[in-house]
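Beneath this line is the structure, given in structure tokens, with notes to follow.
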Amino acid sequence: MITKEALQFLEDLVANNNTEWMHANKKRYENYKKDYHNYIASILSEMKSLDQSLESLEVKNCTFRINRDIRFSKDKSPYKTNMGVWFTQNKNRKNSPGYYIHFEKGKSFIAGGVWCPEPSELKQIRKEIEFFHDDLNAIVNNKSFKNEFGNFDRDENNMLKKAPKDFNPNHPAIEFLKLKSYTASQKIDDKLFTSPDFSKLIAQKLIALKPMNDFLRRALETED
């Protein structure tokens, strides 16, 4: 679970998102990092028991820097005010399928899959769906997946209006083929993050994404 001290640090950072405040609260930040890493270690331990492909992961492979990349952003706030965790089998591959946990007051969620793959990778995923759409249908219609995540995330920014180039517009899986990202997510009540059983509860939810991640990984690892 996330400690009350870590949550308070994030809340204070929201109100004081500047380098002066961070430098004045360096000790608090160091304590926050320890809590963050302990939080990751607890969840990672649970996830490894459910998904053996994560066995080689260490805490350092699952963290995010607190500094924001503000080069192309109108928001020049220097620090992230959320807590993110990313578990993936291939930690050296940019778009390797994985599991994501996001704590942000009032905006917390869990998710998994592949977000915004490169064009070549997107084509690989679509090819896999084109030939093995029955496998994907079985995954998204599985009771555990449907109960936790419902379906792939879909919105106007994540879908083509027409069939992608070189794909049959009448293909039975055309609604999957039109996706530009292959992710599934679920909103999480902030209160769950402070539960003593958080790591076990969240791992039980995330593992419903494993068949989807396995399908996406197979697609990305298949050679033409």
Side-chain angles (χ1 to χ4, degrees), residues 40 42-55 57 62 84-91 93-104 107-117 121-160 164 167 171-193 195 197-222:
I40 293 173
S42 177
I43 307 167
L44 183 57
S45 176
E46 295 288 345
M47 288 301 296
K48 284 183 177 182
S49 69
L50 300 173
D51 185 345
Q52 294 183 349
S53 74
L54 304 177
E55 189 58 42
L57 286 183
C62 312
V85 182
W86 176 241
F87 301 128
T88 184
Q89 177 188 30
N90 189 343
K91 55 183 179 289
R93 182 174 184 154
K94 180 181 177 182
N95 283 318
S96 180
Y99 310 90
Y100 179 66
I101 305 167
H102 183 96
F103 176 85
E104 185 173 7
K107 301 177 183 179
S108 300
F109 66 93
I110 57 174
V114 176
W115 183 73
C116 289
E121 295 171 326
L122 183 56
K123 188 171 184 179
Q124 283 180 278
I125 293 172
R126 286 173 173 160
K127 282 290 184 183
E128 193 76 11
I129 294 171
E130 181 181 35
F131 292 108
F132 301 102
H133 56 92
D134 287 342
D135 291 353
L136 187 58
N137 276 322
I139 290 167
V140 298
N141 287 309
N142 177 270
K143 185 177 179 180
S144 295
F145 182 89
K146 286 187 75 70
N147 286 346
E148 294 292 349
F149 298 95
N151 207 324
F152 282 110
D153 296 326
R154 300 173 188 272
D155 60 51
E156 61 182 12
N157 297 317
N158 186 40
M159 290 197 71
L160 297 173
F167 289 88
H171 191 282
I174 190 60
E175 293 307 309
F176 289 138
L177 292 171
K178 287 195 290 187
L179 288 169
K180 294 188 284 185
S181 285
Y182 290 87
T183 63
S185 61
Q186 177 190 152
K187 292 181 180 179
I188 297 294
D189 191 319
D190 295 346
K191 293 179 181 178
L192 183 61
F193 285 79
S195 166
D197 298 324
F198 173 79
S199 297
K200 183 170 289 187
L201 292 171
I202 219 69
Q204 289 171 352
K205 288 178 175 294
L206 285 173
I207 202 61
L209 294 170
K210 185 179 185 301
M212 179 190 76
N213 281 338
D214 289 344
F215 180 90
L216 295 170
R217 187 176 299 114
R218 186 179 82 189
L220 294 170
E221 292 177 355
T222 298

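- R154 approaches M159 most closely through the heavy-atom pair NH1-CE, 3.7 Å.
- Under the 4.5 Å side-chain criterion, counting only non-hydrogen atoms from C-beta, V140 is not in contact with F149.
- The two atoms that bring A203 and E46 nearest to each other are CB-CB, 3.7 Å, heavy atoms only.
- S195 and D197 share no donor-acceptor pair across their side chains, judged by distance under 3.5 Å alone.
- Counting heavy atoms from C-beta outward, K178 and P164 have side chains that approach closer than 4.5 Å.
- At a threshold of 4.5 Å between non-hydrogen side-chain atoms, the residues L177 and H171 count as touching.
- In this structure, CD in E128 is found 12.5 Å from CZ in R217, a value given to the nearest 0.5 Å.
- Contact detail for D190 and S108: the closest heavy-atom pair is OD1-OG, 2.7 Å.
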* Verdict with supporting geometry, F176 and N151, side chain to side chain contact (heavy atoms under 4.5 Å, CB included) -> CA-CA 10 Å; F176 289 138; N151 207 324; 3.9 Å; yes
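- In this structure, L220 CG and Y182 OH are separated by 11.0 Å, a value rounded to the nearest 0.5 Å.
- Within a 6.0 Å sphere centred on NZ of K107, heavy atoms belonging to other residues, nucleotides or ligands number 12 at most.
- For the atom pair OG1 (T88) and OH (Y100), the distance works out to 14.0 Å, reported to the nearest 0.5 Å.
- Qualifying ring pair (Phe, Tyr, Trp, His ring centres under 6.0 Å) partners for F193, counting only residues two or more places apart in sequence or in other chains: F103, F198.
- A side chain to side chain contact (heavy atoms under 4.5 Å, CB included) with I110 is found for one member of L206, L192, V85 and no other, namely L206.
- Proximity of D51 to Y99: side-chain heavy atoms (C-beta onward) are separated by under 4.5 Å at one or more points.
- Closest approach of L209 to A184, counting heavy atoms only: CD2-CB, 3.9 Å.
- The two residues L44 and C62 come nearest to each other via the heavy atoms CD2-SG, 4.4 Å.
- For K123, the NZ atom is loosely surrounded, since the number of other residues' heavy atoms within 6.0 Å does not exceed 12.
- Because its NZ or CZ atom is not both nearer than 6.0 Å to the ring centre of F145 and within 45° of the ring axis, K210 does not count as a cation-pi partner of that residue.
- Between the side chain of Q186 and the main chain of E148, a donor-acceptor pair closer than 3.5 Å is present.
- Here the straight-line distance linking atom CD1 of I139 with atom CG of D214 works out to 7.5 Å at 0.5 Å rounding.
- The nearest pair of heavy atoms linking S96 to Q89 is OG-N, 4.4 Å.
- Side-chain contact between S181 and D153 is absent, with no heavy-atom pair separated by less than 4.5 Å.
- The backbone N or O of E55 lies less than 3.5 Å from a partner atom in the side chain of K48, making a donor-acceptor pair.
- Considering only heavy atoms from C-beta on, R218 comes within 4.5 Å of D135 through its side chain.
- Separation of atoms CD1 (I101) and CD1 (I188) is listed at 9.0 Å; rounding is to 0.5 Å.
- Atom CD1 of I129 and atom CG of D134 lie 12.5 Å apart (nearest 0.5 Å).
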